[in-house]
Amino acid sequence: MNKKASKAQKNRTFFLSFFKVKKNRDRLIHLGISILAVIIFILAWDLYAQLQNKPYLPRPHMVFDALIASFFNRDPFSQRYMGEHILASMVRILYGFIIAFILAVPLGLLMGWSKHVHNAGNPIVELIRPIPPIAWIPFAIVFFDEPFDTAFIVFLGIFFPVLINTIFGVKRIDPIIIDAAKTLGVTKRNMLQKVIFPAVIPTLMTGIRIGLGIGWMCIVAAEMVGVTGGGVGFYISAMADVGRYDDMFAGMIVIGILGFITVGGASYIERRVSRWMGMR
Amino acid sequence: MDGNALIKIEHLTKIFDSDDKSVSAISNLNLTIEEGEFITLLGPSGCGKTTILRLIAGLEIPSEGIIYERGEKVEGPGPNRGMVFQEFALFPWRTVIKNIEFGLEIQGMPKEKRREIAMHYIDLVNLEGFENAHPNELSGGMKQRVGIARALANEPDVLLMDEPFGSLDAQTRNIMQRELLGIWQKTNKTIVFVTHSVDEALYLSDRVVVLTSRPATIKKEISIDLLRPRDRAGKEFAKLRHEILGEVEEEVTKAIASERKKEES
């Protein structure tokens with residue numbers, strides 16, 4: 001049996017290596033195009049900023065200098081390094097994310113699986129969902145203490161995509177798989193754990209990825225309105241208030257990069273998990 | 001036939017009710033399935049033969065009538081009636097061996113023991129070397145091997161097979177049919193097989209039950225006494241094929257006529 005398996009393995013690696021060469025070349029071309037586009041974008045920005053020559057539109061190299069400096073100098077308002085601001089924002093996102101995940105996944109599984117739970121939960125969900133998380137900021141500031149005021153805004157941003165994707169994932173399960181599970185002895189009690197939950201994981205990960213993207217938008221908005229303890233959103237609005245636009249843009253770029261890394265990471269994990277689970 | 005009745009179907013009727021119409025799928029069907037028998041339900045597409053299988057499995061509830069398994073009324077799905085689906089219905093997130101272990105895992109059997117049983121069935125269906133592959137890495141024929149092994153691992157009294165080879169190519173189908181007979185002989189399982197292929201029914205079964213077009217009821221029961229392995233090109237095989245084909249075609253014609261009537265009205 002082992003002999004057979006290792007032979008099959010060998011054949012597989014042979015074919016894979018053949019495809020890998022082509023795949024790597026394709027990847028390099030894709031990367032090259034992307035980098036070129038970014039360079040053109042920065043050049044266009046620089047040209048436009050020079051033509052405009054306005055203080056609120058700094059040139060790229062000024063923003064770049066400000067960005068580097070922000071990591072090595074404390075800001076004048078809260079005496080923090082950029083690293084500390086990033087950490088503060090990430091902690092808030094993490095709190096919001098964890099709470100959203102803990103609540104949205106079980107609720108989504110139940111709403112997807114049970115018509116009654118869906119009928120009960122759906123009107124409330126659909127009424128709250130269209131309210132922009134930012135609209136909750138005044139309430140959150142009064143109602144919660146730091147860091148849960150901002151984390152609550154992030155929670156709202158992440159909760160709904162995860163919930164909706166989980167419900168969708170459950171509804172998308174092929175009913176024949178449920179039938180098969182029943183004939184194999186699965187009862188109502190372990191259906192959720194043994195069949196529904198694993199089947200839903202890839203769709204759920206999509207929800208997490210979308211949610212994290214929205215989470216970064218929410219955190220900045222929440223921090224800009226009012227926050228103690230720093231944060232990248234706070235940094236942006238404070239710098240704008242005193243007219244240090246190069247620093248403001250530096251903060252914006254930090255958010256962009258952090259969001260890119262988070263969503264990119266989530267998307268990478270999503271693909272890896274789906275492949276590892278044999279589901280894509 | 002005077003063996004032990006494993007499954008007894010009495011006055012089975014199934015009507016599907018939807019909002020605007022009700023469809024009668026099965027009408028007053030009576031059938032006894034003997035222990036160890038390989039029985040095939042043969043009928044035109046959409047005649048309700050899959051519904052009969054789903055009713056035996058407990059996945060549907062009869063509108064009227066009763067199904068008994070070993071004298072006990074069937075009231076829902078259970079591991080003593082294993083099912084094999086045309087669409088395979090494997091759990092895509094589970095590897096081959098974990099698909100096969102599934103039923104045992106549900107029962108709470110310890111890992112070592114269920115691994116051992118699963119390996120036995122992997123052997124039986126010729127899947128050695130693919131234990132850790134996921135279903136999406138397998139061909140249709142191999143997927144159905146997993147489906148069969150998964151159902152067998154629970155050691156059910158009966159294997160309900162719903163057009164299990166319907167989505168396979170002709171060559172694979174022939175191989176799978178041959179292997180299924182081998183598995184049946186080794187395990188002494190009772191098999192209830194659903195197909196619309198006369199050839200398949202003839203090659204496999206002890207008894208072929210020809211069903212009428214919807215609503216399904218028994219048109220004719222034919223015992224196949226040919227020795228196995230059967231020669232598909234043989235004279236007797238051809239004679240029986242001719243006979244059964246006649247019965248089935250009659251029903252197909254009826255079904256088409258009634259469809260046409262419905263369209264006209």
Side-chain angles (χ1 to χ4, degrees), chain A residues 1-16 19 105 109 115 166 169-170 172-206 269-280, chain B residues 50 53-54 56-60 76-96 98-109 119 122-123 126-138 146-147 150-156 158-160 162:
Chain A
M1 170 212 109
N2 275 329
K3 235 184 197 170
K4 232 183 193 171
S6 75
K7 203 178 169 196
Q9 189 65 37
K10 239 183 215 164
N11 274 336
R12 244 163 68 177
T13 43
F14 171 74
F15 279 115
L16 278 179
F19 282 116
V105 173
L109 290 175
K115 250 201 174 101
T166 308
V170 177
R172 224 186 46 164
I173 297 173
D174 190 347
I176 203 96
I177 283 182
I178 307 289
D179 283 345
K182 283 182 187 165
T183 64
L184 289 164
V186 175
T187 57
K188 264 191 179 151
R189 258 218 345 253
N190 42 21
M191 184 69 84
L192 219 53
Q193 176 208 349
K194 291 285 183 188
V195 183
I196 310 288
F197 181 65
V200 119
I201 287 174
T203 344
L204 181 114
M205 304 274 294
T206 308
I269 294 170
E270 183 187 344
R271 267 175 294 149
R272 284 309 288 262
V273 168
S274 296
R275 201 177 315 153
W276 169 68
M277 289 179 75
M279 289 171 81
R280 229 161 253 177
Chain B
T50 294
L53 215 57
R54 290 176 60 83
I56 300 173
L59 291 171
E60 305 277 355
N80 47 346
R81 278 157 287 125
M83 188 144 175
V84 177
F85 299 83
Q86 178 175 3
E87 307 87 340
F88 317 125
L90 302 179
F91 304 116
W93 61 91
R94 285 179 166 251
T95 56
V96 167
K98 289 207 139 193
N99 260 284
I100 297 169
E101 278 178 21
F102 185 83
L104 306 173
E105 191 182 311
I106 295 296
Q107 287 170 28
M109 185 184 285
M119 284 310 294
I122 280 182
D123 229 37
N126 288 323
L127 274 172
E128 303 91 343
F130 293 97
E131 294 84 355
N132 298 315
H134 276 99
N136 66 353
E137 299 172 73
L138 304 179
V146 181
R150 183 179 66 174
L152 284 173
N154 263 358
E155 305 207 335
V158 58
L159 203 54
L160 308 168
D162 183 17

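Every chain is numbered from 1, with letters handed out A, B, ... down the list of sequences. What you see below is based on every heavy atom in this structure, not just the backbone, and it leaves out hydrogens, waters and symmetry mates. Just so we're clear, the structure is a prediction, and the values are computed from it rather than from any experiment.
The nearest pair of heavy atoms linking B/N136 to A/G278 is ND2-O, 3.0 Å. When all heavy atoms of B/R150 and A/A180 are compared, the pair lying nearest together is NH2-CB, 3.5 Å.
Annotation: the span from B/R54 atom CZ to A/D179 atom CG amounts to 4.0 Å, rounded to 0.5 Å. To the nearest 0.5 angstrom, A/L184 atom CG is 10.0 Å from B/Q107 atom CD. Between the CG atom of B/L59 and the CD1 atom of A/I178 there is a distance of 11.5 Å, given to the nearest 0.5 Å.
B/F91 meets the ring-ring contact (aromatic ring centres under 6.0 Å, His included) test with B/W93, B/F102; sequence neighbours excluded.
Proximity to chain A (any heavy atom under 4.5 Å) is shown, for B/L160, by neither the backbone nor the side chain.
Proximity to chain B among residues 185-193 of chain A is limited to A/G185, A/V186, A/N190, judged by heavy-atom separations below 4.5 angstrom.
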